[in-house]
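We name chains A, B, ... by the order of the sequence lines, and we start the count at 1 in each one.
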Amino acid sequence: MQPPPREPILEFHDVTVAYGRRPVLWNIDLAIDEPCLFGIIGPNGAGKSTLLKAALGLVPLAGGTVRFFGQPFAEVRGRVGYVPQRETVDWDFPVSVSDVVLMGTYARLGWFRRPGPREREIARESLTRVGLVDVAGRQIGKLSGGQQQRVFLARALAQQADVYVLDEPMAGVDARSQDLIFGVLSELREAGRLVVVVHHDLRTAAQWFDRVALIDMRLVAAGPTAAVLTPQNLERTYAGRLDLLDELGRAVEERGRTS
Amino acid sequence: MTDPAGIEPLFAISHNTLVVACGVAAVGCGAGVIGCFGVLRKRALVGDAAAHATLVGVALAFLATGRRDLPVLLVGGFLSGLAALGVLVLLRVFTRTREDAATAIVLSVSFGLGITLVSGITARGIPGGAGLEQFLLGHTAALTTADAILLATVSAAAVLLLVLSLKEATLVAFDPSFAAATGWPVAVMDYFLVALVAVMVVVGLPAAGAVLVTALVVIPPVAARQWTDRVPTMLLLSGVFGLASAVFGVAVSAVVPRLATGPLVVLAAACIFAVSFVVAPERGWWARHLRKR
């Protein structure tokens, strides 16, 4: 059998998603071929998080397909690390920081097997990378918002994946944690991983991501950050949202200054 | 007792009381452990709906067999409890009724049906039917040794199942979307945990009755949560609290005739909860008060 032509790492083909009868994403076509820091950008309610959840099989597709490495997600879930939005869980839950990070190793452990020394070592390494090894024994509710977000990132690192998918990892996070998270994501890219991030802040998006997709229920544009974040594209994505247009002015300006 | 030969029967009675107390203690312990996941998954009231629905199955099982045989009645109660949970799911899916409203509807309707059946049986004077009312508030004095052993065995099995799947249960209760994304069958685990709660609610019926048994799977876990920040410790403490409440209820109702066991068990659990709420380190009212100063 001929080896198939190189598959994109992540490919959305004609993806449509509806909640009940209300469509939230229309005909998304998007392929990511190379490891990079990839931002999914758009206004509130644009369907950014829904797109991620559709990729991970957490919301059903009304149409289209999503493939990782040319295969359905169910075949390759072990290669995909996931960082959900921080608000989706109860931080008062009686688990410690290292308990949560260990959850990243559960899929490989399988049913009924308990984490052993190997898993603990993975968890410790992951916590070291996000700078939280000192609070490993603490109950998760006693951390700051930024630290909690880093716990989730450490759990994804413990999955030891090839693709990382993050849903608003910078929302409500202090500057130090933002830098730390961005540092870890950059390391992942250097190590040849694809990192896909749902993000809403245009200014930082322009600084952080190699490539972006602009989304407002439909795909507006996708490609290298500088080529996509043009005033025309942003106008089409954020049409009528004037406060955000201000922000895009600043974003483009800053981009000009840093490059 | 003035009967000169009364010593031996008295001894026999106390032996049975002891076995029953042990059985009910095991039920209290199991309910405390299993209930933790109902509370952690924020489904505390779902168990209550199942509990109120058990009465229907108990009455129907009695009508079908014509005997007040505990295992048969409990199987009936378990099936109708599960049926109520099924209706709950259907209501949510097909009528888009919100979960709290659906729970309230299922709880009250099934309880109304159960009460109608039980009072109908009592009113028509069907032999043996009078005792069915004991399932309303719990009455452990009527339990036989065999009953108690059955209740204890089922409780132990439920706890064993939960402990075996503790890793999976914790993951699903804490972060269902991460669990689903990493390939765990979240819906199956949810049904499994709810079914375990239903089992404990059913074996808790003789001790606490349909109206109050839900307290056994809710109050000890909430009290235990006050003392610890770890799931395994919470399970352990909750089991101990449930056990202590059950023993108290059985003991007092054995000494004071005509006192129903269920309310006593619930009151004991409530006392443990109140104490935990005030004096627990860190999360307790007193500790928080001291921190504020």
Side-chain angles (χ1 to χ4, degrees), chain A residues 20 49 52-59 73-115 119 137-142 151-152 155-156 158-159 161 163 165 167, chain B residues 36-37 39-44 92-96 160-189 192 221-238 276 280-283 287-288 291:
Chain A
S49 296
L52 278 200
K53 288 184 188 142
L56 302 178
L58 298 176
V59 299
F73 174 65
E75 305 290 316
V76 289
R77 15 173 130 253
R79 298 178 67 182
V80 181
Y82 177 39
V83 177
Q85 281 185 26
R86 186 159 54 88
E87 304 85 69
T88 53
V89 304
D90 170 17
W91 290 91
D92 196 39
F93 202 91
V95 284
S96 71
V97 168
S98 63
D99 289 338
V100 173
V101 177
L102 275 171
M103 289 175 185
T105 68
Y106 284 5
R108 221 169 309 116
L109 275 173
W111 285 98
F112 309 124
R113 279 183 54 211
R114 298 290 160 93
E119 283 72 30
R138 237 185 255 177
Q139 195 270 330
I140 51 172
K142 294 178 182 130
V151 173
F152 266 10
R155 180 176 67 176
Q159 290 182 266
V163 178
V165 175
D167 199 347
Chain B
C36 285
F37 275 91
V39 169
L40 287 176
R41 191 76 172 90
K42 302 186 172 49
R43 296 258 165 82
R92 274 215 323 271
V93 173
F94 286 108
T95 70
R96 298 222 191 152
L160 186 69
L161 281 176
L162 182 69
V163 169
L164 275 176
S165 56
L166 190 58
K167 172 182 112 220
E168 290 77 10
T170 308
L171 174 68
V172 166
F174 171 62
D175 192 346
S177 55
F178 181 82
T182 48
W184 298 96
V186 173
V188 173
M189 282 302 295
F192 167 69
V222 175
R225 178 67 185 90
Q226 288 292 107
W227 297 89
T228 176
D229 277 335
R230 306 300 296 271
V231 172
T233 320
M234 181 177 163
L235 295 186
L236 198 71
L237 274 178
S238 182
S276 306
E282 268 199 74
R283 294 175 71 90
R288 277 184 294 156
R291 267 206 304 279

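Counting heavy atoms from C-beta on, the side chains of Pro94(A) and Arg230(B) never come closer than 4.5 Å. Residues Trp184(B) and Glu168(B) meet the side-chain proximity criterion, which asks for heavy atoms closer than 4.5 Å. Between Leu166(B) and Phe37(B), some side-chain heavy-atom pair lies under the 4.5 Å cut-off.
Counting heavy atoms of neighbouring residues, nucleotides and ligands inside a 6.0 Å radius, atom CZ of Phe112(A) exceeds 12 of them. Counting non-hydrogen atoms of other residues, nucleotides and ligands closer than 6.0 Å to CZ of Arg96(B) gives a total of 12 or fewer.
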Self-check item: Leu235(B) vs Ser238(B), side chain to side chain contact (heavy atoms under 4.5 Å, CB included): CA-CA, chis, key distance, verdict
Solution: CA-CA 5 Å; Leu235(B) 295 186; Ser238(B) 182; 5.8 Å; no
Exercise. Give the C-alpha distance, both sets of side-chain angles, the deciding distance and a yes or no for side chain to side chain contact (heavy atoms under 4.5 Å, CB included) between Gln139(A) and Val97(A).
Key: CA-CA 6 Å; Gln139(A) 195 270 330; Val97(A) 168; over 6 Å; no
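Of the atoms belonging to Leu102(A), not a single heavy atom falls under 4.5 Å from chain B. No part of Ala179(B) comes within reach of chain A, as not one of its non-hydrogen atoms sits under 4.5 angstrom from that chain. For Arg41(B), no part lies near chain A; criterion is any non-hydrogen pair under 4.5 Å. Using a 4.5 Å cut-off between heavy atoms, Lys53(A) makes no contact with chain B at all. With a 4.5 Å cut-off on non-hydrogen atoms, Thr233(B) does not touch chain A at all.
A cation-pi contact, defined as under 6.0 Å to the ring centre and within 45° of the axis, is absent between Arg86(A) and Phe152(A).
For a heavy-atom cut-off of 4.5 Å, chain B lies close to Arg77(A), Tyr82(A), Pro84(A) in residues 74-85 of chain A.
No other option in Asp90(A), Leu56(A), Asp92(A) has as many heavy-atom pairs under 4.5 Å with chain B as Asp92(A).
Here the CZ atom belonging to Arg138(A) is positioned 14.5 Å from the CG atom belonging to Asp99(A), to the nearest 0.5 angstrom.
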